[in-house]
There are 2 protein chains.
Amino acid sequence: MVRRMNKKKRQEKLMELVNQQPFLTDEELAEQFGVSVQTIRLDRLELSIPEMRERTKALAEAAYGQLRAMSGQELVGQLLDVELGKGGSSLLKTTEEMGFSKTKVIRGHHIFAQANSLAVALVDSPVVFTATAEIHFLHPVYSGESIFCQAEVVSVNGNRTLVEVKSKVSGREVFAGRFEVVAIETWDAARGETGNPEG
Amino acid sequence: MVRRMNKKKRQEKLMELVNQQPFLTDEELAEQFGVSVQTIRLDRLELSIPEMRERTKALAEAAYGQLRAMSGQELVGQLLDVELGKGGSSLLKTTEEMGFSKTKVIRGHHIFAQANSLAVALVDSPVVFTATAEIHFLHPVYSGESIFCQAEVVSVNGNRTLVEVKSKVSGREVFAGRFEVVAIETWDAARGETGNPEG
DNA sequence: CGAGTTATTAAGACCAGGTCCTAAGAGGAA
DNA sequence: TTCCTCTTAGGACCTGGTCTTAATAACTCG
């Protein structure tokens with residue numbers, strides 16, 4: 001940033017940079033563009049870019065809210081027997097609305113959602129999401145039937161947990177899957193590493 | 001919080017509350033527990049809970065980094081023809097490593113990943129993720145075959161984009177899916193609504 | 001060229017939400 | 001009662017701003 005940019009160009013670049021690196025302070029931005037902190041602040045005002053801490057908060061809230069909402073709405077089926085980090089099961093009683101009106105076959109989405117919901121529930125963290133999934137729909141399920149879903153934690157690698165899931169209807173396997181669940185690290189986890197002040 | 005809690009109990013509750021609501025200030029926490037701000041700060045120090053702004057930043061960075069990493073690693077296949085908000089296609093040349101060693105059948109995970117990758121690529125936002133997916137594996141794919149994947153944006157509802165995806169090998173449909181892609185809102189989007197200072 | 005306008009810079013008061021330090025008061029146990 | 005722990009209060013200082021005033025530099029136009 002040796003040469004001076006005109007205002008319009010600088011503001012375009014500023015918007016790009018802040019989108020890519022939302023955690024930069026005004027001082028850091030000023031250094032990047034070779035202008036004063038005050039100029040950056042005027043630019044931000046004109047472009048309606050919030051301050052660093054507001055940006056951070058907006059991102060955190062959006063991410064936290066979305067992921068929580070996602071986790072919340074992914075709670076499909078009744079959890080029966082959950083042992084964090086090991087395994088568990090859940091039961092989903094299917095209804096007419098879950099199926100195609102003509103064939104009564106349950107939409108795969110619901111079967112997937114139950115399995116995913118259970119997989120996610122096995123990970124002990126407030127904020128988690130499914131990164132990848134390997135899925136096999138083996139037999140159709142008809143509305144009115146109950147899906148019994150079992151999951152087992154296969155491996156844990158850092159903040160990634162691999163969970164194998166099998167869904168059955170009357171003992172017959174209708175779905176099998178493998179979910180990789182990612183936990184977003186929080187300070188709770190960090191506490192575990194720095195030792196427990198009491199106990 | 002009318003009655004006073006002993007220190008141990010209060011610290012347990014504090015940890016829980018901060019995990020559930022990471023954006024509360026020390027003052028707000030002090031009000032919740034009926035103690036002084038200073039006491040909350042001492043508690044936080046003992047429990048190694050960072051201050052509100054640090055917590056926010058940690059969440060934002062973790063979420064931002066994880067989601068970006070996830071989006072990055074979900075780029076499977078070569079994007080051929082992407083029109084943001086409308087549709088596009090991609091090509092995945094399968095290899096031996098993607099399949100089961102005995103049958104040469106490609107693992108569903110890779111097919112899913114290509115489709116998901118393309119769906120996500122159609123949404124114009126730096127931070128996106130797939131909230132839900134409805135998936136149908138129709139025919140096996142064998143290693144060495146090339147998967148041609150096409151996607152089309154069906155509808156947009158706020159920050160949620162519904163994308164339909166079809167994958168083919170030599171003209172035969174091998175996979176079909178419906179992905180709901182969620183975009184995490186940023187201030188860039190907010191600028192679009194507040195008007196452009198310079199046209 | 002000069003006048004007017006825009007852009008940039010600087011300085012200061014004040015804010016929010018802390019960290020760090022010192023010290024006094026309250027409460028409980030031996 | 002003494003001793004210890006916990007709680008509270010106050011102050012200095014920090015970071016990263018917002019808001020205001022004002023001076024200077026650069027640019028545009030007649």
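Labels below follow one simple rule: chain letters A, B, ... track the order of the sequence lines, proteins then strands, and each chain is numbered from 1.
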Can you check whether A/G144's main-chain N or O pairs, donor with acceptor, with A/T94's side chain at less than 3.5 Å? yes

For residues 76-85 of chain B, which residue pairs pass the salt bridge (Lys or Arg N to Asp or Glu O under 4.0 Å) check, not counting sequence neighbours? B/E83-B/K86

Starting at the 5' end of nucleotides 10-20 of chain D, put B wherever the base has a protein heavy atom under 4.0 Å, S where only the sugar-phosphate does, and a dash everywhere else. B----BBBB-B

Within this structure, what is the CD1-to-P distance between B/I40 and C/dG17, rounded to whole angstrom? 15 Å

In terms of side-chain heavy atoms of A/K7, which of C/dA7, C/dT9, D/dT7 is nearest? C/dA7

Check A/K168 with A/E173, please: is the shortest side-chain N to carboxylate O separation under 4.0 Å? no

Nearest-Å distance, NZ (A/K9) to P (D/dC27)? 17 Å

Rounded to whole Å, how long is the line connecting atom CG of A/L42 with atom C1' of D/dA25? 15 Å

Tell me: CD of B/E46 to P of D/dT5, nearest whole Å? 12 Å

Distance check needed: C/dA7 C1' versus A/Q11 CD, whole Å only. 11 Å

Between A/S90 and A/Q114: side-chain donor-acceptor atoms closer than 3.5 Å: yes

In this structure, how many angstroms lie between the C1' atom of C/dT6 and the NZ atom of A/K8, rounded? 16 Å

Can you sort out the partners of B/E152 under side-chain hydrogen bond (donor to acceptor under 3.5 Å, both in side chains), two or more places apart, ordered by chain and number? none

Report yes if at least one side-chain N or O of A/R10 is closer than 4.0 Å to OP1 or OP2 of C/dT8; otherwise report no. yes

Below the 4.0 Å mark, does D/dT7 have OP1 or OP2 next to a side-chain nitrogen or oxygen of B/S36? no

Could you point out which residue of B/Q38, B/K7, B/Q11 forms a side chain to side chain donor-acceptor pair (under 3.5 Å) with B/D43? B/Q11

